[in-house]
**Q** 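One structure is given below, represented as structure tokens, and several questions about it will come after.
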There are 2 protein chains.
Amino acid sequence: MTRVGGQGASPAAPRAVDVARRAGVSQKTVSRVFNGERYVSDDVRRRVLEAAEELGYRMNSAARALASGRTRTIGVVTLGTALYGPASLLIGIERAARDAGYALRVYNTLEGDPGGVAGAVESLLEQGVDGIVVSEPIDEGDEGSVALGVDVPVLVFGAPAPFGGPRAVTAGVGAESLARAATEHLLDLGHVTVHHLAGPQRWFAARDRLAGWRAALSARGRQQPPVLEGDWSAASGYAAGRELASAGDVTAVFAANDDMAIGVIRALTEAGLRVPDDVSVVGFDDIPVSAYVTPPLTTMRQPFDAVAHDGLRLLVQAIEKPDAEPAPANDPPIELVVRASTAPPAGRKAPARGRRSPSRSNDSAHAPPGGENGPPAAD
Amino acid sequence: MTRVGGQGASPAAPRAVDVARRAGVSQKTVSRVFNGERYVSDDVRRRVLEAAEELGYRMNSAARALASGRTRTIGVVTLGTALYGPASLLIGIERAARDAGYALRVYNTLEGDPGGVAGAVESLLEQGVDGIVVSEPIDEGDEGSVALGVDVPVLVFGAPAPFGGPRAVTAGVGAESLARAATEHLLDLGHVTVHHLAGPQRWFAARDRLAGWRAALSARGRQQPPVLEGDWSAASGYAAGRELASAGDVTAVFAANDDMAIGVIRALTEAGLRVPDDVSVVGFDDIPVSAYVTPPLTTMRQPFDAVAHDGLRLLVQAIEKPDAEPAPANDPPIELVVRASTAPPAGRKAPARGRRSPSRSNDSAHAPPGGENGPPAAD
DNA sequence: GCCCTGTATGACTGCGCTGTCATGACTGCG
DNA sequence: CGCAGTCATGACAGCGCAGTCATACAGGGC
């Protein structure tokens, strides 16, 4: 374990003390410079940085973590799928974390993974993290145990507050109000009721969308048709679409994500039903191809970036100022993207065409130019 | 910095020495147990594990990394998009890394990010990683500099060998041969030539697919129509599709990913061309909705999981046995999923319908049951 | 001139592990 | 019975930083 910089192997990496010697200062001062601490003269700072540059010095973050007790790392538990939603959220989290000066460790759990979320959290704690993000978890019936022995703040996206334990902060993606707005869009078009193709109910995200749909119908005193449940895949949407097609009385469908909506549309089309003339379909997520399928899909865009930034702000605050009262999360904007898969029910006069805001929408400042929403309508 | 476990705040986390005391052994023995070293009696091992369990002991990986010089962590640089390809590859990498006993740090870079891949690598090295994976990089004109001061093995997915520096191992996703097979599928159907909608040429992945397309055409002495270039998005595919529609002589298009293919199909359809009757379209990736768009898309599935596992095996070997000669990467399987967006050119007799293997395909053992490929054809 | 405050720096120590070496206890074999 | 070899354990040092405290000097108010 001696540090021989001898010939042959690559020389040992330079340490702070090497930089210090070269700059003619103490190791502690090098540490000060690299941590941006006060009370370092400009001259010394410059010399240290020069020496570090010349030696190719890189701080050893293991040593830093050991000495300081902080890793400057946030762990993320995501459900191991390439689903657009979780993937987008992860990207948002990564950027937000980096902006806040934290690196990221990720742990993917698949549905049915042994250990589940609790195991993932345990593993991250062992790897050393200052905080944990749980992204779009599913209900595994063990929320309590997740909290066991977790001594860092936990941010949970899209699950109820108790989930995550005592130091948890929760950030909704606002799925419920988004789902409600999506449903209301269909009701506003004149549909008497709206069918719902839900996501797997073990996912809290799926439950929220279901709840939003229920809320919209209840608020207007409409009856709630039986709920179909898919697994987020287009294949499950296709299967559900066949059921809906044979039901006969369906004029409007709200699918819990775009993939399922696309499957539904295909099944309906194959059954001889026209979308949107006979049946309107709304999706959820606004995946990149939604504007280009046939017909272009009306869908609810999720503000992943805003949600991720907002949530991470909370988490970082909980890490760095544990005593400050948590600032409340901002309400995410509601952005319904109206395309060609929704229309008034057959035999009813069409309301004004074009992009509309749902009744409860705050005016979205994020609205892209109309051209971004898809190809010019082909009607 | 004294360790007071006193009243009030949560008690300090237990250390190995606490476990040791409780189990009546030395701290070193606790270390042995947790590292699975030999020469620990069953009795002692059991006592140590019990004591650790009772105290809720978790190893401090910063201390371990500092003492051992290894972090058991692999850093991943990905291009910061929610594109299906990179996202799927990331998931595969994560699982493969975990299976090999490594945790993951991720760093997303966006196209045009300051610092680019080199900056990401530098940041990961500072965070402490034993190896680095660069996933689907783009050509930033600074490949040389990426290698500077990198003293860990680097695995590059989908970029030429020089990229990544001296300790680089490269794992292709085999995009070139996949693209060649996709193109050959269209030629086999009887098309005289095939147009190509390429991805952005800064991406090595896009260049590989272009090369594969060229190779297929050259091999049969077909002329190469001018190449269109998109940006992976369905919107760019739509734009390209309009150009193709107005060209008049197009019967077959190979798009470098499914999103663009879907955009192409929409544009062609709007222009009054039927897919596949007038124009055949092949995509690339087999994104989840491809089976359910209209028409269901013929596409080339990428074996992300196999590629990720294979690549990580190489990387882990380079980390743990730097002197062993690198085992060559296996050739990934070629799996063309034939759906309804391809057919013989108009006026020609149809070959046998149904799922076909491309001429050069090895018989894929991964082929899903026919039912998984999409809804029953609606023809 | 004196104390006080603010600024700038260094000496020393310890974070919690792993690597190395030393030391017994126990085996088998000539 | 003695010695080599294997197995099982412990003592000790040190990985490269950041925290704490000590120190030194500059300027300002009295």
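Nothing here was measured: the structure is a model prediction, and the numbers come from that model. Order of the sequence lines fixes the chain letters, A, B, ..., with proteins taken first and strands second; residue numbering starts at 1 for each chain.
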**Q** May I ask you to evaluate whether S31(B) reaches the phosphate of dT18(C), defined as a side-chain N or O under 4.0 Å from OP1 or OP2?
**A** yes
**Q** Counting just side-chain N and O atoms, does S68(B) come under 4.0 Å of either OP1 or OP2 of dT18(C)?
**A** no
**Q** Would you kindly compare R32(B) and R45(A) by the position of their nearest DNA chain C nucleotide and give the one closer to the 5′ end?
**A** R45(A)
**Q** For the residue pair V129(A) and G75(A), what are the closest heavy atoms and their distance?
**A** CG1-N, 3.6 Å
**Q** Counting only side-chain N and O atoms of S41(B), is one of them less than 4.0 Å from OP1 or OP2 of dA8(D)?
**A** no
**Q** Please report the distance, rounded to the nearest Å, between CD in Q27(B) and P in dG19(C).
**A** 12 Å
**Q** Any side-chain N or O of R64(A) below 4.0 angstrom from OP1/OP2 of dC17(D)?
**A** no
**Q** Return the value, rounded to whole Å, for the distance between atom CZ of R21(B) and atom P of dC17(C).
**A** 12 Å
**Q** Round to a whole Å and report the spacing from CZ of R15(A) to C1' of dC15(D).
**A** 10 Å
**Q** Strictly by Watson-Crick or wobble contacts shorter than 3.5 Å, is anything paired with dC17(D), and which nucleotide is it?
**A** dG14(C)
**Q** Give one of base, sugar-phosphate or nothing for V30(A), where a contact means two heavy atoms less than 4.0 Å apart.
**A** nothing
**Q** Across all strands shown, which nucleotide pairs with dG30(C) by Watson-Crick or G-U wobble geometry, both distances under 3.5 Å?
**A** dC1(D)
**Q** State, to 0.1 Å, how close E126(B) and S61(A) come at their nearest heavy-atom pair, and which atoms those are.
**A** O-OG, 3.2 Å
**Q** Mind running salt bridge (charged side-chain N to carboxylate O under 4.0 Å, His left out) on R47(B) and D43(B) for me, showing each step along the way?
**A** CA-CA 6 Å; R47(B) 266 158 50 214; D43(B) 176 55; 2.9 Å; yes
**Q** For dC15(D), does OP1 or OP2 lie under 4.0 Å from any side-chain N or O of N60(A)?
**A** no
**Q** What is the nucleic acid contact for V25(B), judged by heavy atoms within less than 4.0 Å: base, sugar-phosphate only, or nothing?
**A** sugar-phosphate
**Q** Using whole Å, what does the distance between atom P of nucleotide dT7(C) and atom CZ of R38(A) come to?
**A** 6 Å
**Q** Nearest whole Å is fine: how far is dT18(C) P from L66(A) CG?
**A** 12 Å
**Q** Without decimals, in angstroms, what is the distance between E126(B) CD and dC17(D) C1'?
**A** 13 Å
**Q** Side-chain N or O of T29(A) versus OP1/OP2 of dG10(C): is the shortest distance under 4.0 Å?
**A** yes
**Q** Which heavy atom in Y57(B) sits nearest to a heavy atom in P14(B), and how many Å separate them?
**A** CD1-O, 3.3 Å
**Q** Under 3.5 Å, is there any donor-acceptor pair linking the side chain of E37(A) to the base of dA18(D)?
**A** no
**Q** Keeping the roles fixed (side chain from D130(A), backbone from R72(A)), state whether a donor-acceptor pair exists under 3.5 Å.
**A** yes
**Q** Can you see if the side chain of Y39(B) gets near the phosphate of dA8(D) - specifically, an N or O under 4.0 Å from OP1 or OP2?
**A** no
**Q** When the nearest nucleotide of DNA chain D is assigned to R47(B) and to A63(B) on a heavy-atom basis, which residue is associated with the more 5' position?
**A** R47(B)
**Q** Base, sugar-phosphate, or nothing: which does Y57(A) touch, judged by heavy atoms less than 4.0 Å apart?
**A** sugar-phosphate
**Q** Hey, does V44(A) reach any base, or is it just sugar-phosphate, or nothing, if we go heavy atoms under 4.0 Å?
**A** sugar-phosphate
**Q** Specify the residue among K28(B) and A62(B) whose closest nucleotide of DNA chain C lies further upstream toward the 5′ end.
**A** A62(B)
**Q** Quickly work out the D42(B) CG to dC7(D) C1' distance and round it to whole Å.
**A** 12 Å
**Q** Distance check needed: dG16(C) C1' versus N35(B) CG, whole Å only.
**A** 13 Å
**Q** When you measure from the centre of the six-membered ring of Y107(A), is the NZ or CZ of R98(B) under 6.0 Å away and within 45° of the axis?
**A** yes
